[in-house]
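For reference, the structure is listed below as structure tokens.
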Number of protein chains: 2
Amino acid sequence: MSEGIGVLLADDEDLIRTGLRIIIESEPGLSVVGEAADGAAAVSLARSLRPDVVLMDVRMPAVDGIQATRALTVAEGAPKVLVVTTLENDDYVYEALRAGASGFLLKRARADELVQAIRVVAAGESLLFPAAIRSLVAARGAARAVPGIGRLTTREGDVLRLMARGLSNAEIAAELVVGTETVKTHVGNVLAKLGARDRTQAVVAAYESGFVSPR
Amino acid sequence: MSEGIGVLLADDEDLIRTGLRIIIESEPGLSVVGEAADGAAAVSLARSLRPDVVLMDVRMPAVDGIQATRALTVAEGAPKVLVVTTLENDDYVYEALRAGASGFLLKRARADELVQAIRVVAAGESLLFPAAIRSLVAARGAARAVPGIGRLTTREGDVLRLMARGLSNAEIAAELVVGTETVKTHVGNVLAKLGARDRTQAVVAAYESGFVSPR
DNA sequence: GGGCTTTTCCCCCACATGGGGGAGGCGCGT
DNA sequence: ACGCGCCTCCCCCATGTGGGGGAAAAGCCC
């Protein structure tokens, strides 16, 4: 890519891609190195073309932008991903960030905002547009209130926390300095209160409800 | 609390509380309805005093601000929590939002920024200061790159995703329209590649690495 | 064509897990 | 003093899970 910042466009709508390309190409130091109409193409093109920044639409056929972002950012020397969407009230913000996106941008952004956003993420900085912040923080409220998770006793909470770290009953017993039979009782109570069938479902509920957070 | 916006201060340092109180009390429409020196006191005071906004320090004795925030925001008609910290490079941002905080603020913020932040969150809006955005987005990079999670085949990825939703092998088999023996093979491969001992650890790794996100 | 990976399916077997009971002690509020 | 919830520990038992093998078909790269 020699000089400047190489950008890969990933959007299923031709009109959008054309508009973006015109804006980017008319900007000194920026150039479009490739275009993809779906997530799968975006991933393979990004690997061969090695752009600096990928403008990734959230909603695309076959593989959506979130999955594509996840696939891209796990690799070494991965490009920065700037997620673009039309939706203002967008639940994907949170998921996109978890998937490894460097920023979030609305399609209604002005040309100069777009250019600035590309330069910012290419420089390694992070970026969120105000509307994205609102939905991001709002996403926290979307943590499903798992019924019964508030009815856990302190000991049951301890056990669930350790379960959610992947410990076996024996390991939890050692950690809490009690017998394995005791742990089994607590685990059984936790499962009953959370309506979980097995410990895996309990751990899922713990994450979904925000009882534990990805560290 | 009759009129205006009632604020509860939760910070273990007297100097900080005093400074905050002076700023808030001198502002028309804002008043300090109570003060707490630790998380436990903050939770109980918030329940009795029912402030509109809680200024919550992250680091406090006994119960830290994150836990206190979690305890507060699960209730109905909970106050808005504005998390305050001295640390600019703060990993707690992400966790605080998951815990239900409405915003994040640095202690070095100017008085007028503080007042504005309180009014914003009291009005039901969300707020993140620029420095907090950076560490928030950076937190996504902190998703531990689980070694081997990128080596999963597409089918193994499918299986892991369903595991992370709490499905049993039989249910996964039904979902993917294959035999349970097939699912067992995939599960075994996933465990081996992720270095997990059982499915629970695999699910934990899936969440920790951002392979799946709390929906 | 000959490897290679991937996906599919099968056998046997050890074991942790989870469900069903029961039981004693302890703190706490009435 | 009594009840109640919580924590602790124990028994039996069905079974889902995971580890050890093996194997066939399909697609892919060289």
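Order of the sequence lines fixes the chain letters, A, B, ..., with proteins taken first and strands second; residue numbering starts at 1 for each chain.
- Here Leu8(B) contributes atom CG and Ser48(B) contributes atom OG; the two are 8.5 Å apart, rounded to the nearest 0.5 Å.
- Distance NE2 (His186(B)) to P (dG18(D)): 15 Å, rounded to an integer number of Å.
- Between Leu194(A) atom CG and Arg199(A) atom CZ the span is 12.5 Å, to the nearest 0.5 Å.
- Atom pair Arg197(B):CZ and dG18(D):C1' shows a separation of 12 Å (rounding to whole Å applied).
- Counting to the nearest Å, the C1' atom of dT17(D) and the CG atom of Asn169(A) are 14 Å from each other.
- Between Arg197(A) and Glu171(B), at least one side-chain N (NZ, or NE/NH1/NH2) sits under 4.0 Å from a carboxylate O, which counts as a salt bridge.
- The phosphate of dT7(C) (OP1 or OP2) has a side-chain N or O of Thr153(B) nearer than 4.0 angstrom.
- Summarising the geometry, the separation between CZ on Arg155(B) and C1' on dT8(C) is reported as 10 Å, rounded to the nearest angstrom.
- The CG atom of Leu160(B) sits 16 Å away from the P atom of dT6(C) (whole-angstrom rounding).
- Distance from the side chain of Glu181(A) is smallest for dC11(D) among the nucleotides dG18(D), dC11(D), dT6(C).
- Side-chain proximity of Lys184(B) to dG18(C), dT8(D), dG18(D): nearest is dG18(D).
- Following rounding to the nearest Å, Asn189(B) (CG) and dT8(C) (P) show an atom-to-atom distance of 12 Å.
- Of the inter-residue distances, the one linking Leu55(A) atom CG with Lys107(A) atom NZ reads 10.5 Å to the nearest 0.5 angstrom.
- Comparing dT7(C), dG19(D), dG18(C) by their closest approach to the side chain of Thr154(B) singles out dT7(C).
- As judged by a 4.0 angstrom heavy-atom cut-off over every strand, Thr182(A) is placed among the base-contacting residues.
- Between the base of dC7(D) and the side chain of Thr185(A) there is no donor-acceptor pair shorter than 3.5 Å.
- Within the model, atoms NZ of Lys80(B) and CG of Asp52(B) stand 10.5 Å from one another, a figure rounded to the nearest 0.5 Å.
- Note: CG (Leu176(B)) to P (dT8(C)) measures 8 Å, nearest angstrom.
- The distance between atom CD of Glu156(A) and atom C1' of dG18(C), rounded to the nearest whole Å, is 16 Å.
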